[in-house]
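Just so we're clear, the structure is a prediction, and the values are computed from it rather than from any experiment. We count ligands from 1, going down the list as the structure has it; atoms in each ligand are counted the same way.
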Amino acid sequence: MISLGIESTAHTFGIGIITDKGKVLANATDSFKTKKGGLIPNELGWHHEKVKDTVLKNALEQAKLELKDIDLVTFSQGPGIPFPLHVGMKFAKEISSKNKIPIVGVNHCVAHLEVGKVLTKAKDPVLLYTSGANTQIIAYEAGKYRIFGETLDQGIGNFIDVFARYMGLGFPGGPKIEILAAKGKNYIELPYVVKGMDVSFSGILTNLKRKFDSKEHKVEDLCYSLQETVFAMMVEVAERAMAHTGKKELVLGGGVACNKRLREMCKIMCKERKAKLFVPENQFLVDNGVNIAWLGILMGKIAKRNHKGIDIKPYERTDDIKVMWK
Ligand code: AMP
Ligand code: MG
């Protein structure tokens with residue numbers, strides 16, 4: 001079986017193609033970027049409208065396939081921003097009805113976890129999911145992927161991007177902050193906000209903005225301290241989830257996991273507790289259609305495959321999904 005997955009929850013329009021054996025045949029994406037300023041929800045939708053046909057063409061070319069070879073069309077239903085989500089769903093329905101291919105809608109966060117498992121061969125991991133909009137520590141327990149900890153306000157990537165934008169850097173800010181942080185040496189104390197198993201970033205953001213405005217610190221030191229602080233928060237909560245569940249594997253997901261310092265900190269933590277760290281390739285950490293296509297394969301056998309009544313679910317949570325495919 002060959003599944004084509006469409007990702008459009010936020011900045012990235014992606015189409016991935018994967019087989020039911022987990023062989024990736026294509027991963028085509030086009031992401032919204034800016035030199036200055038951040039994301040504007042409507043512009044994301046228009047961006048996806050503009051690039052969708054080209055991304056589909058690129059994906060089919062990479063896979064050396066035609067639409068008649070596709071057995072299942074999958075799209076991300078949520079969580080995400082309504083307009084871009086809608087563009088992806090509409091495109092999925094068009095492909096499905098024109099070519100008479102069954103269609104399945106899937107959850108974006110669960111897709112990150114499942115693709116991490118199939119690509120790295122992790123069996124029963126804790127997922128540290130650090131992306132633009134989502135920040136969650138997820139693990140399977142009793143029929144569902146449970147959220148053991150999460151952000152109480154914005155996602156870690158959004159937090160990093162907003163501070164980058166404040167300093168006059170464009171979107172995405174994460175890679176730019178990582179470069180600056182590598183040149184920082186002096187740790188400047190920042191609030192460290194872990195509440196139970198949850199984290200929060202808005203107070204740290206305000207504090208960083210004030211420190212930036214005061215011009216008392218080097219930008220490199222601010223970026224270094226930002227990374228050291230918020231990554232330590234994430235690693236602390238991930239470690240506690242592993243201790244609580246007794247799981248011995250950690251999988252990383254989400255674009256912020258492209259960051260080398262975050263990976264290094266996770267590696268040290270896993271080594272200390274004799275656990276294994278699994279990191280998928282960067283192209284599967286950031287938003288992409290392969291994740292979606294793979295969860296489609298898993299859910300395709302049990303989900304509704306007719307597009308009547310299928311809709312976007314902008315607020316769907318990881319633990320709303322009953323895991324029937326395990
Ligand atoms: P996603 O929403 O999963 O596609 O990930 C996008 C987010 O990842 C954005 O907020 C980026 O700024 C962030 N990101 C990408 N690369 C890095 C990096 N090297 N360090 C930190 N954040 C990053
Ligand atoms: Mg994501």
Side-chain angles (χ1 to χ4, degrees), residues 5-14 16 27 29-34 37-39 41 44 47-48 75-81 84-85 88 106-116 127-136 138 145 150-151 154-167 169-182 184 201 205 223-224 226-235 251-266 279-295 314 316-318:
I6 300 179
E7 160 58 33
S8 74
T9 53
H11 43 74
T12 296
F13 190 85
N27 183 18
T29 57
D30 192 320
S31 297
F32 180 87
K33 290 192 176 74
T34 67
L39 302 179
L44 300 180
H47 166 267
H48 296 353
F75 69 98
S76 41
Q77 282 181 294
I81 305 171
L85 275 175
V106 307
N107 178 280
H108 175 96
C109 307
V110 175
H112 271 282
L113 206 161
E114 289 292 354
V115 88
L127 173 72
L128 175 57
Y129 176 34
T130 52
S131 82
N134 301 296
T135 300
Q136 296 181 337
I138 307 168
Y145 283 115
E150 66 187 316
T151 176
Q154 73 246 71
I156 185 169
N158 284 160
F159 152 77
I160 294 174
D161 293 333
V162 171
F163 184 56
R165 187 169 84 212
Y166 195 74
M167 297 194 298
L169 307 170
F171 176 84
K176 293 166 190 159
I177 297 245
E178 181 173 16
I179 293 168
L180 289 167
F201 301 104
L205 180 61
C223 293
Y224 167 73
L226 174 158
Q227 287 199 169
E228 293 304 303
T229 307
V230 297
F231 293 167
M233 287 161 42
M234 297 315 311
V235 174
V251 168
L252 303 188
V256 180
C258 296
N259 189 291
K260 294 198 188 66
R261 180 59 181 144
L262 176 61
R263 292 176 186 203
E264 187 184 19
M265 287 165 91
C266 291
V279 190
E281 278 176 48
N282 282 5
Q283 59 167 327
F284 306 114
L285 291 173
V286 295
D287 287 351
N288 70 86
V290 173
N291 296 7
I292 307 305
W294 176 245
L295 185 52
E316 187 175 63
R317 280 175 62 80
T318 307

Look only at the side chain of Thr135 and the backbone of Ile156, and say whether a donor-acceptor pair between them is shorter than 3.5 Å.
yes
Do side-chain atoms of Thr130 reach the backbone of Gly254 as a donor and acceptor pair under 3.5 angstrom?
no
Minimum-distance protein heavy atom relative to atom 20 (N) of ligand 1
Asn259 ND2, 3.0 Å
How about Gln154 and Leu205: do any of their side-chain heavy atoms sit closer than 4.5 Å?
yes
Geometry only, no angles: is Thr12 polar-contacting ligand 1 at N/O separations under 3.5 Å?
no
Any N/O/S atom from His112 (main chain or side chain) under 2.8 Å of the Mg ion (ligand 2)?
yes
Within this structure, what is the CG-NE2 distance for the pair Leu113 and His108, rounded to the nearest 0.5 Å?
12.0 Å
Looking only at protein heavy atoms, what sits closest to atom 10 (O) of ligand 1 is Asp161 OD2, 2.6 Å
With atoms numbered from 1 as shown, which atoms in ligand 1 lie under 4.0 angstrom from a non-hydrogen atom of Gly254?
3 (O)
Considering non-hydrogen atoms of the protein only, which is the closest contact for atom 19 (N) of ligand 1, and what is the distance?
Glu178 OE1, 2.7 Å
Could you check whether any side-chain heavy atom of Thr29 comes within less than 4.5 Å of a side-chain heavy atom of Gln283, counting everything from C-beta outward?
no
Identity and distance of the protein heavy atom lying nearest atom 7 (C) of ligand 1
Gly132 N, 3.8 Å
What atoms of ligand 1 come within less than 4.0 Å of a heavy atom belonging to Gly157?
10 (O)
Non-hydrogen side-chain atoms of Val115 and Asn288 separated by less than 4.5 Å:
no
Name of the Asp287 atom (N/O/S only) found closest to the Mg ion (ligand 2):
OD1
With a 4.5 Å cut-off on side-chain heavy atoms, are Leu226 and Phe159 touching?
yes
Closest approach of any protein heavy atom to atom 22 (N) of ligand 1, naming residue and atom:
Gly174 CA, 3.3 Å
Determine, considering heavy atoms only, which of Ser31, Pro172, Ala10 sits nearest to atom 11 (C) of ligand 1.
Pro172
At under 4.0 Å between heavy atoms, which part of His11 makes contact with ligand 1: side chain, backbone, both or neither?
side chain
Below 2.8 Å, can you find an N, O or S atom of Ser131 next to the Mg ion (ligand 2)?
no
Who's closest to atom 14 (N) of ligand 1 heavy-atom-wise, of Gly255, Ala133, Cys258?
Gly255
Is there side-chain contact between Cys258 and Pro175, with at least one heavy-atom pair below 4.5 Å?
no
For residues Pro79 and Arg317, determine if any side-chain heavy atom of one lies less than 4.5 Å from a side-chain heavy atom of the other.
no
Hey, which atoms in ligand 1 end up nearer than 4.0 Å to a heavy atom of Gly173?
12 (O)
Any idea how Phe163 and Tyr166 line up, ring-wise: parallel (<30°), tilted (30 to 60°), or perpendicular (>60°)?
parallel
